[in-house]
Structures are given as structure tokens and as C-alpha cells.
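A short worksheet on the structure shown next.
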Amino acid sequence: MAGPRVRFAPSPTGYFHVGSARSALFNWFVARHDPEGVFILRIEDTDESRNREEWVDGIVSAMAWLGLDLDEGPFRQSDNAAAHALSITKLLAGGDLYYCDCSTEELVARKGENKTPGYDGFCRERGLERGPTTAIRFKTPREGHTIVHDLIRGDVDFANNTIDDFVVAKSSGVVLYALANVTDDRNDAITQVIRGEEHLSNAPKQMLLWEALNRVSDSPVSLPSYAHLPLLVNEQRKKLSKRKDPVATESYRDQGYLSSAFVNYLALLGWSPRGDEEIVALATMIEQFRLEDVSHSPAFFDVKKMTHMNGEYIRALGVEDFVDACAPWVRPGDCAWRPRDREPPWPAAQFDEVLFTRVAPLVQERVATLGEVPAMVAFFFCEPLSYDEAAFAKTIGEDPLGQALLALGIERLADAPWDAASLHQEVVEIGEALGLNLRKAQAPIRCAVTGTLVGPPLFESLEILGKEKSLRRLREALERVSA
RNA sequence: GGUCCCAUCGUCUAGUGGCCUAGGACAUCACCCUCUCAAGGUGGAGGCACGGGUUCGAAUCCCGUUGGGACUGCCA
């Protein structure tokens, strides 16, 4: 038996929604789980207002970043207009469709007078011909039930009389989502429709359409099975909204989330690997993934948890890989891809790759996202140094002891061997001379050299920064006080 | 309003009638480690929405209630 054929069918918008990313991922899991599975990307762009070339590029590149490789596509729904028109023709001939010239105003006016949900079927038996303002509606059966066999939720029963005669083609001739989607799924021989729960109520309509199409076709196509994934919600438990919630996958990439971590986290939204370990290899997820195990209830997209996981992924990287991964944030000039609005705080010419490679291990275990890296190493490359003024005042500006320590430091460090261990010992002694423990003694030096009170280990940083530059900064800090 | 979906710590989840004194992860608190910040280690607090059944036995099955959500477009 052939493997499953699944498709991810997003409508283009300006960015790649994290919910879409999760849907794409679960479809991809199903395809990759089976050696013969096929993963298809079809962009549903029939709505003219959703048709921009760069939006399609956005989907394709976001999926490439996530590593969701395609077996077929990307296809454009708008390329299938002829097939959609053929579906209309056949269905019309089969008596499943009818023309309707009710205006929106008339519909609204009749609303309330009847109990029929949605459209009241006013034109159903009027035998209208095609005209300039006629939409085409589906003659939904008035009797019976349509049962959606959902792989995740089980059977969901819809009474046909609760489904109205929905529009399948606009008066302009454009075929709408329900039919276009079904037509394409049939032509692409899709075996499993995996999508968000917001589509659950579309499923019976599409099944009805599929069956109607089978009746008027020479070669019937078996219905696909359906799986409706739980929604991704915000803290208010509402569907993730593009206005209020940070839903753009691209922005997470910009912030420095690793695609591997992002994918792992996404997989955990509605699904979980066996055992107690949540951080698992992609191959493990592919092997263990089963739609039947997907949870039924909505999941909150928890950036905090994802950030933690990202930190773990970053720390698990080899240093070489970490350095490479940082490139778009620290030397974007050399990179094919670079994050939006995240220029390093230093001029490109002042960046030193060798030096960065030496500090990288120190930084790697301190960041949760790659976007945090530049700020952490800025003092190596920014000249002049910019200070955290509050920290400067506290440890140097308004602290005579801090100033004394710097003065003594300049004197004694000038002759010290320039390696972390020696510097550590020196500062211990300098502190002792002034009655300060190391915790207190390192603060003014740290602030003078790095501009802040937090950062990579001080003595390693001094070693890497170099004697000349370090001493100069100690002197500059002192001069700053008198100025 | 109508149709449909959902309900285990704050969050994501494990759990498919006895292994549950309900497990893990994030977040949170305490302590340890420590040159700052992290990371790491140890420990703590924290949950089966409620009410009825079924059963020797229910987080697990059934019904109801309550609560949340999606859909209800000549969008997808």
C-alpha cells in the first residue's frame, strides 16, 4: 500500500504564523514517518487580495529554515482555476449547485425571520440562469448526517440540516475555498487532511462536496481521513491573533532561536515524546509521532519555555557551530541571511573573528537566544566603550574605594603576567590590600573594562581583551571620575 | 442565538479502570556552587472544574452542570 499523501495548505499573509508552522510540522511528521509518505505544499491564493509573490517566498523560506522539505510543490491554488471550473461544471450538471442572486442586504433583511442557519435557500428552487450578479451555491442535503471521522477526536456528527447552502463560487466566477480546496485535494490524491481545529466545521461541507464530485466523476476518489489539530492560544485562551500576539515565525528566527529548538518546542504543543525527556532528536520525533496521540485541547504558546529549550540547544552546540550560528548577529555583512533590525552595536571593521572565537565558549553558556550575543561581547569591539551609568556611579563614580582599587589595579596589573589565573590572583591580592573580598574587588574593574556589572567571567575576558586595552580602560574610567 | 470542540499543577503534558501517596518539563521559591550574570546540583510549594452514576475499585467509562474556545463571509 502506498504511503500517506499529506499537504500543508496555507493562505499567504505577510508572515509565517507559528500555528501554520505547527500544522506544517505535523503534516511533515506524518509524511516522514512513513518511508513512502509524500509532503506537499500548496499555497491557497485564490483570494485576489492574498496574492503577493513575496508572501509566497516568505512561506517557502520559513519552511526551508524549519527544515520541512517538500516532495511536491510548491503548488499555487490559483494555477488550478481550470480544474475548479470543471468541478463547477460537473456539479452544476449533476444538479448539486444552483445560481443565487440574493444580495447581502436581502440576506440580512430576511435574517431573523427564519430558523435556518446561514443562508435560507431562497434561490434553491428558482432555477436561475447564470447572470452578472449570481453566486453559485451548493444544494446541501436537508436530510441525514455527515460524520467526520477525525483521527484525533473520533467521530464528529453534523446533522445536514444545520449546514446551509454555502457559496462555492463568487459572482465574479472565482471558486471559493471549500470547493477549490476539495478539488485540489482530489487532484493531488491527498489521503489525510491535517489542519487546525478552526476547520472542523468546514469538514462536513467538504465531505459533502467530495461525495458529490464522486457521483459526477468517472473515477471516484476515496475520501481522505481528517485530523484537526488543537488550536494554539494566547494567555487569554483565545486563538493566537496576528494583532495582539507575537506569531511571526520570522521574528523568532530574528531573535536567535535555533530552528531545531523551535521545531522541538512546536512538536510539544499538542504532542509529547515517550518517556520523561522533552528534548529529543528530530529522528525520534518522526519515529514516535502518531496523530492518534495528539491532544484534544488548545495549547498556550509559551515563549518562556521555548526560550529555555533554546538555551539548552545552544549549549549543546559544538563551539565551532555556535560561532557559525552567531554570524548573522555579529558579522551580518558576510551572511546570506541576516536578522531584521538587529545590527551589531559596533562598526563592522572593529569586529575581530579570532577574538570572538575565543570568547564564544564563555558566551555560549550564558545566552538563551543568539540575539543576546552582541550585547554580551560588545565591550570587546565597541570603542569608545559605553557605560551603564548607574553601575558606574555605584562601583566607581560615587565609591572612593572603587577608585582606589582601580588606581592600585593599574599599578599592579601593569607588571602582571596576562593570563586569567594570574589576573585572578592579582585581583584577590589587590582586594585584600583594601580589605575587600573578591566579589567586591572585581566589580569596579569589571565596570571599568566592560561598562557593566554583568557579563562573561572577568579574568578570562581581561586575558582575551589584552593587557594594553584593559589597562587603558582602567585609566579611562578613573579619568572619567575627575572629568 | 445556532452548530461543533475542549476540560490533569500558573503553563505544556504523562496517565487509556487497580502500578497514582497523580510522573516530567517551563515558570516560581529555598539552599548549594560561584569573580558578576548565567549554567548546573539539591529540595519545596503547586493539579485530576463540579455533581451524579457504572464498578469490588475511577484522573481514566457514562450522564448532567459549569467554564473555556472555534465556526457561523460572494476569506482561508
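Proteins get letters first, then strands, A, B, ... in listed order; numbering begins at 1 in each.
Here Lys440(A) lies out of heavy-atom contact (under 4.0 Å) with every strand. At the heavy-atom level, Thr133(A) lies under 4.0 Å from base atoms of the strands shown. Counting non-hydrogen atoms under 4.0 angstrom, Arg315(A) reaches the backbone sugars and phosphates but no base. At a threshold of 4.0 angstrom between heavy atoms, the contacts of Pro457(A) include nucleobase atoms, whether or not backbone atoms are also involved. Residue Phe459(A) is classed as a base contact, given a heavy-atom separation below 4.0 Å to a base. Contact annotation for Asn181(A): no contact, since no heavy-atom pair falls under 4.0 Å across all strands. Note on Pro204(A): nothing from the nucleic acid sits closer than 4.0 angstrom, heavy atoms only. When heavy atoms are screened at a 4.0 angstrom cut-off, Cys447(A) is found touching no nucleic acid atom at all. Using a 4.0 Å heavy-atom criterion, one finds that Ala443(A) contacts no nucleic acid atom at all. Heavy atoms of Gly275(A) sit nowhere under 4.0 angstrom from any nucleic acid atom.
Judged by distance alone with a 3.5 Å cut-off, no donor-acceptor contact links the side chain of Arg153(A) to the base of C6(B). A donor-acceptor contact under 3.5 Å is not formed by the side chain of Glu372(A) with the base of C37(B). Judged by distance alone with a 3.5 Å cut-off, a donor-acceptor contact links the side chain of Lys305(A) to the base of A25(B). Remark: the Arg366(A) side chain and the U36(B) base include a donor-acceptor N/O pair separated by less than 3.5 Å.
With a 3.5 Å ceiling on both atom-pair distances, the Watson-Crick or G-U wobble partner of A49(B) is U65(B). Look at C31(B): its Watson-Crick or wobble partner, with both distances under 3.5 angstrom, is G41(B). Base pairing of G1(B): its partner is U72(B), meeting the Watson-Crick or G-U wobble criterion (both donor-acceptor distances under 3.5 Å). Both distances falling under 3.5 Å, in either a Watson-Crick or a G-U wobble arrangement, place A25(B) opposite U11(B).
Straight-line distance between the P atoms of A14(B) and G23(B): roughly 15 Å, to the nearest whole Å. Spacing of C1' atoms, A39(B) relative to U34(B), comes out at 11 Å, to the nearest Å. For the C1' atoms, the distance linking C48(B) with U21(B) amounts to 14 Å, nearest Å. Nucleotides C20(B) and U36(B) have their C1' atoms positioned 44 Å apart, rounded to a whole Å. Comparing the same atom, C1', in C32(B) and in A38(B) gives a spacing of 16 Å after rounding to whole Å. Remark: the separation of the P atoms in U3(B) and G73(B) is 16 Å, to the nearest Å.
As rounded to whole Å, 17 Å separates atom C1' of U36(B) from atom CZ of Phe392(A). Atom CG in Asn310(A) sits about 18 Å away from atom P in A38(B), given to the nearest Å. Between Glu198(A) atom CD and C71(B) atom C1' the separation is 9 Å, expressed in whole Å. Protein atom CG of Leu458(A) is 14 Å distant from nucleotide atom C1' of U34(B), rounded to whole Å. We find that OH of Tyr177(A) is positioned 15 Å from C1' of U72(B), with the value rounded to whole Å. The distance between atom CD of Glu365(A) and atom C1' of U34(B), rounded to the nearest whole Å, is 12 Å. A27(B) atom P lies 11 Å from atom CD of Glu278(A), rounded to whole Å. Rounded to whole Å, the distance from NE2 on His199(A) to P on U3(B) is 23 Å.
Note on Arg446(A): every side-chain N or O is 4.0 Å or more away from OP1 and OP2 of C35(B). Here Lys304(A) does not reach the OP1 or OP2 of U28(B): none of its side-chain N or O atoms lies under 4.0 Å away. For A76(B), one of the phosphate oxygens OP1 or OP2 lies less than 4.0 angstrom from a side-chain nitrogen or oxygen of Thr46(A). Contact annotation: Arg237(A) reaches the phosphate of C12(B) (side-chain N/O to OP1 or OP2, under 4.0 Å). Not one side-chain nitrogen or oxygen of Ser171(A) sits closer than 4.0 Å to the OP1 or OP2 atom of C74(B).
No option in Asp185(A), Asn27(A), Asp184(A), Asp188(A) other than Asp185(A) meets the side chain to side chain donor-acceptor pair (under 3.5 Å) test with Arg7(A). Results of the salt bridge (charged side-chain N to carboxylate O under 4.0 Å, His left out) test with Asp165(A) over Lys139(A), Arg124(A), Arg137(A) single out Arg124(A) as the only residue that passes.
Closest approach to the Arg439(A) side chain among U36(B), C5(B), A27(B) is made by U36(B) (side chain taken as heavy atoms from C-beta onward). Among C35(B), A7(B), C12(B), the nucleotide with an atom closest to any side-chain atom of Gln442(A) is C35(B). Of the candidates G69(B), C26(B), U13(B), G69(B) carries the atom nearest the Lys238(A) side chain, counting heavy atoms from C-beta on. The side chain of Glu44(A) lies closest to A76(B) when the candidates are G69(B), C74(B), A76(B).
Checked against the 6.0 Å centroid threshold, Tyr257(A) and Phe262(A) do not count as a close aromatic pair.
Between Asn181(A) and Gln206(A), the side chains place a donor N or O and an acceptor N or O closer than 3.5 Å (distance only, hydrogens not considered).
Place Leu453(A) and Ser201(A) on RNA chain B by their nearest nucleotides, and Leu453(A) ends up nearer the 5' end. When each of Glu197(A) and Gln236(A) is assigned the nucleotide of RNA chain B with its nearest heavy atom, Glu197(A) is the one assigned upstream, toward the 5' end.
Note: Tyr119(A) OH to Asp164(A) CG = 9.5 Å, rounded to the nearest 0.5 Å. Taking CG of Leu107(A) as the start and CG of Asp120(A) as the end, the distance is 6.5 Å to the nearest 0.5 Å. In this structure, CG in Leu266(A) is found 11.0 Å from OG in Ser259(A), a value given to the nearest 0.5 Å. Once rounded to the nearest 0.5 Å, the distance linking CG of Leu438(A) with CD of Glu432(A) reads 9.5 Å. Rounding to the nearest 0.5 angstrom, the gap separating the CD1 atom in Ile88(A) from the CD1 atom in Ile136(A) is 4.5 Å.
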